[in-house]
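If you're wondering where the values come from, they're calculated on a predicted model, not measured in any experiment. First the proteins, then the strands, lettered A, B, ... as listed; each starts at 1.
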Amino acid sequence: MNLMLYNSLTRQKERFKPIAQQKVKIYSCGPTVYNTPHIGNYRSFLFSDLLHRFYKAFDYQVTLVMNITDIDNKTIAGAKKAQLPLSAYTKHYEQEFLTDLKTLNFLPATTYPRASEHIPEIVTMIETLLKKGHAYEDSGSIYFKLASFRDYGKLSGIDVEHQLAGASNRIEADEYSRDTISDFALWKMHKPTEDGNVFYETTIGKGRPGWHIECSAMSQKYLGTHFDIHTGGIDNKFPHHENEIAQSVCATGKPFVNYWLHAAHLMIEGQKMSKSLNNIYTLRDLLKNNAHPLAIRYMLLSTHYRHTYNFTFANIEASYKALSRLARTYKYLEAQLKTQLRSATSNHSGKSTSPHEDHHSLLSTIEEKYRAFITHLEDDLNTSGALGDLFDLTHILTKTFNITDPPHFTPPTQPVLPQAIVTAALNFYRKADFIFGLNLKQLSSETVQNPLNHSNIPKDIEDLVTERNTLRRQKAFSKADFVRKKLLSLGYQLIDTQEKTIVQKITSPSKE
RNA sequence: GGAGGGUUAGCCAAGUGGUUAAGGCGGAAGUUUGCAAAACUUCUACGCACCGGUUCGACUCCGGUACCCUCCUCCA
């Protein structure tokens, strides 16, 4: 593997070198569980899953930590409003989040640590920072002293003096007094009016952690002081990640993270995602609109992670079709392989391969495409380019072997493809499927099925279908067509296959 | 005001200092199917926001303009 990654810290692509051979340690900024995550959140989470899968595909031992922020301003405010204990409130959203990850076919992270369960680690780190003179107490709260860290601003490229002067007006309204205008809270003194009964009695006082410190404490616990990769949304670069660096480096006195990777945001139908435009969609919103989760996954992976992506409903549809095409070819190849294995065990003739000249060049074409695929991914995870290669292969295969099977095809009984080619193509497909997490196997069995539940078809409609099929057997086609039209006007579409007629209720894709 | 990223066909989206600017969706024509759907084949950007510059040559490098997005204290 020869992976190049764009490092936000240096603003250029760098060759990835793991700290320990064949091992990679990744920390991904996870959700704040105060509401249901939206599709934009999942884009950046999905990016860490892609990394996870890519490394695994190359037999790396991956440790992926994704934090759950379950104690902060928003969770506390949300719980208060919902009149629930904080933990009950956050558990609900955490559960939703974990369910969504499964729905989107994420590989499970190594661990999902909760901030609320790492208060001792947080306190220890703050104590260290106090001891080393990087933090100070003021009115019961504890702040990080920015002036004590020279490298502050290196990641986000901000000029501390200049930048923060401009924001001074807003800071005036802040109720916490601070030494320096830009210092941020490590520990917030308990304020009954705001925090209610949410507090911890600790050696550094009664209160709760600031937002940034949890990530420093938890990454150190699970990944050590120095690890390979830290990911998150672009908006986290400042101040969150900048502050994390400051805390961790100052507390440990050691290098922190080698590669900082940031995923770009999402636009919705050409507009920014915002509450006022009412265009914030959760995964559940999309599923309600008949979006297939794997189509959503495909869609989000079809563009480069560092580019702003314009999410549209039309694109989910397009993605599903593209995905179905991949699934179809995959299924065909699997069926081929099965047939070959069967014939190989029943008769050892080995006749399944009829070696033609063409097959050698085809084999090298497949290998070439596979190399291109990997090379694209190695180039800062260029998923769009890689998908292009996969479709190139798909096209070549269908063209060469005239794979014209309809989606309802039955596996061929006689092997027609040389085994070496099937194996090579299938290996490519399987690798791509694993890295992209598209679950083509599941899809290929799904796409041949009626996507709708048969039991939902009313009796009178079923009767009409039966009537039409009787007419068809009698070759009374014009009468049969009349029934087809009638069903269509009732909102049902018929698809004739060799075995049976599939009935589909026509769904008008409403957005609400 | 400051910092960063972007603008490629109807839509999404790769990419390169110089023969034909990937791929997907859509569209068109055709093959096939009783019809339909699906599938398959072929075609579908004389141009890469605009204006300058560097260069033998720029969509690709440099500068400027317009528009969009992100960040500037808790928003992925």
[X]: what forms a salt bridge (Lys or Arg N to Asp or Glu O under 4.0 Å) with it, not counting sequence neighbours?
X: A:Arg284; answer: A:Asp100
X: A:Asp235; answer: none
X: A:Arg468; answer: A:Asp496
X: A:Asp433; answer: none

Using a heavy-atom cut-off of under 4.0 Å over every strand shown, decide if [X] touches base, sugar-phosphate, or nothing.
X: A:Tyr309; result: sugar-phosphate
X: A:His38; result: base
X: A:Lys74; result: sugar-phosphate
X: A:Asp72; result: nothing
X: A:Ala322; result: sugar-phosphate
X: A:His395; result: sugar-phosphate
X: A:Arg11; result: sugar-phosphate
X: A:His304; result: sugar-phosphate
X: A:Leu390; result: nothing
X: A:Asn243; result: nothing
X: A:Asn236; result: sugar-phosphate
X: A:Arg43; result: nothing
X: A:Gly232; result: sugar-phosphate
X: A:Asp389; result: nothing

*Give a yes/no answer on whether the side chain of A:Thr398 brings an N or O atom under 4.0 Å of OP1 or OP2 in B:U41.*
yes
*What about A:Phe373 and A:Phe428, are their ring centers closer than 6.0 Å?*
yes
_Ring centres under 6.0 Å, that's the criterion: do A:His212 and A:His241 meet it?_
no
*State which residues pass side chain to side chain donor-acceptor pair (under 3.5 Å) with A:Thr10; sequence neighbours excluded, sorted by chain then number.*
A:Glu14
*Just the dot-bracket of RNA chain B, please: which string comes out with Watson-Crick or G-U pairs under 3.5 Å, [ ] for crossing, | for another strand?*
(((((((..(((.....[....)))((((((.......))))))....(((((..]....))))))))))))....
*asked:* Rounded to whole Å, how long is the line connecting atom CZ of A:Phe391 with atom P of B:A14?
replied: 15 Å
*Roughly how many Å is it from CG in A:Asp183 to C1' in B:C72, rounded to a whole number?*
16 Å
*Under-3.5 Å donor-acceptor pair between A:Arg306 side chain and B:G5 base*: no
